[in-house]
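Let me begin by presenting the structure, written as structure tokens, before commenting on it.
Atoms considered below: every heavy atom in the structure, side chains included; atoms not considered: hydrogens, waters and symmetry mates. We count ligands from 1, going down the list as the structure has it; atoms in each ligand are counted the same way.
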Amino acid sequence: MENILSPSLLAADFTKVGQQLEQIEKGGAQYIHLDVMDGIFVPNISFGIPVIQSIRKNSNLVFDVHLMIVEPERYVEAFRNAGADIINFHVEATEDPDGTLDKIKSMGAKTGITIKPDTPVSRIVSYLEKVDMVLIMTVEPGFGGQKFMAEKMSKVKELVEIRKQKNLSFDIEIDGGVNMNNVKEILDTGVNVIVAGSAIFGAENIEKRTREFLDILQEKTK
Ligand code: DX5
Ligand code: ZN
């Protein structure tokens, strides 16, 4: 399985978004992680459909959208039309995870289901047959730059085991507090998609930092 880097736009300088997207692309990032917040599911508001639509015009990166909004099923179509390639939603945010997954699939996007740090893996087991990706939060969703919750990594081990038992092949993505010092250990647990916001966009040289991350990711793929 190829290891993938998904830098989180939340930490970018929004006066230079085009330029910074180019820098991560040149550095080798495959995805861009787009954090959508509604001020209800999480205590923060970020950006939404028009912003994604606008950057879609000048980026070839895979758009990895992380919806932190209530009733995500209401917006699947709009985010897909705006350019989302992968649509991740929180299992805690909807009464109909199955229907939401079906909607994402019918729109031709990849499906992703996400759990907050205190939500157990058992909450999503019955949906795993339908998902292309599981996103495990290692910070409380809502803000970038928080401390990595290492104890949540046991969920990755649990998921890897279930994936094997059920003979499935979904990706496992980690989001929150990832940096150059802990990324190796994270990859060792079986994660193959890495989100990093402040660790990438907070760097002096974004392209160089992206490449440094990629070097570690590729080393671990071998
Ligand atoms: C938090 C977001 C994260 C965030 C990660 O709610 O889901 O994607 O941008 O930021 P860092 O990498 O700085 O923890
Ligand atoms: Zn995120």
Side-chain angles (χ1 to χ4, degrees), residues 3-14 17 20-21 23-24 27 29-48 51-52 55 61-70 72 75 79 84-93 109-119 124 131-153 155-156 171-187 191-204 206 209-210 212-214 216-217:
N3 288 330
I4 288 165
L5 185 63
S6 192
S8 169
L9 191 75
L10 195 63
D13 177 343
F14 284 90
V17 169
Q20 297 199 338
L21 282 173
Q23 288 163 347
I24 60 162
Q30 303 98 324
Y31 291 5
I32 177 76
H33 185 82
L34 300 163
D35 290 302
V36 177
M37 305 177 184
D38 66 354
I40 300 171
F41 182 70
V42 289
N44 197 9
I45 298 176
S46 57
F47 51 80
V51 170
I52 294 177
I55 60 174
L61 293 162
V62 173
F63 279 21
D64 169 28
V65 173
H66 176 192
L67 297 179
M68 287 164 270
I69 63 174
V70 295
Y75 290 98
F79 280 101
D85 295 300
I86 304 166
I87 301 181
N88 274 294
F89 65 94
H90 276 264
V91 72
E92 307 91 352
K110 288 205 166 161
T111 54
I113 202 157
T114 310
I115 51 176
K116 296 208 278 188
D118 289 337
T119 304
I124 55 168
V131 305
D132 296 304
M133 176 189 273
V134 175
L135 169 53
I136 305 275
M137 295 301 299
T138 40
V139 298
E140 280 304 331
F143 302 90
Q146 301 180 76
K147 193 174 170 288
F148 180 71
M149 297 173 165
E151 69 278 12
K152 305 301 172 193
M153 295 305 290
K155 290 196 220 175
V156 174
D171 292 319
I172 303 176
E173 180 175 51
I174 278 288
D175 184 9
V178 179
N179 57 48
M180 293 287 289
N181 299 322
N182 59 17
V183 65
K184 271 189 200 147
E185 264 172 71
I186 293 170
L187 291 164
V191 168
N192 71 306
V193 187
I194 295 284
V195 176
S198 41
I200 290 187
F201 290 103
E204 192 83 43
I206 293 171
R209 176 62 58 82
T210 305
E212 285 164 359
F213 262 100
L214 253 304
I216 300 174
L217 264 60

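Between Lys110 and Asp171 no salt bridge is recorded (no basic side-chain N to carboxylate O distance below 4.0 Å).
The environment of CD in Glu140 is crowded: more than 12 heavy-atom neighbours from other residues, nucleotides or ligands sit within 6.0 Å.
The Zn ion (ligand 2) lies at the vertex of an angle of 90° between the OD2 atom of Asp175 and the ND1 atom of His66 (rounded to 10°).
No side-chain donor-acceptor contact under 3.5 Å links Thr210 and Gln23. There is no side-chain donor-acceptor pair under 3.5 Å between Asp64 and His66. Side-chain N/O atoms of Thr138 and Asp175 include no donor and acceptor closer than 3.5 Å. For the residue pair Asn192 / Asn3, no side-chain donor-acceptor distance below 3.5 Å is found, with atom types taken as modelled.
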### Task
Go through the steps to decide whether Ile115 and Ile124 satisfy the test side chain to side chain contact (heavy atoms under 4.5 Å, CB included), and finish with yes or no.
CA-CA 8 Å; Ile115 51 176; Ile124 55 168; 3.6 Å; yes
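Contacts of ligand 1 (protein heavy-atom distance under 4.0 Å) are Ser8, Leu10, His33, Asp35, Met37, His66, Met68, Met137, Pro141, Gly142, Phe143, Gly144, Gly145, Asp175, Gly176, Gly177, Val195, Ala196, Gly197, Ser198.
Between the Zn ion (ligand 2) and the N, O or S atoms of His33, the shortest distance is to NE2. Looking only at its N/O/S atoms, Asp35 has OD1 as the one nearest to the Zn ion (ligand 2).
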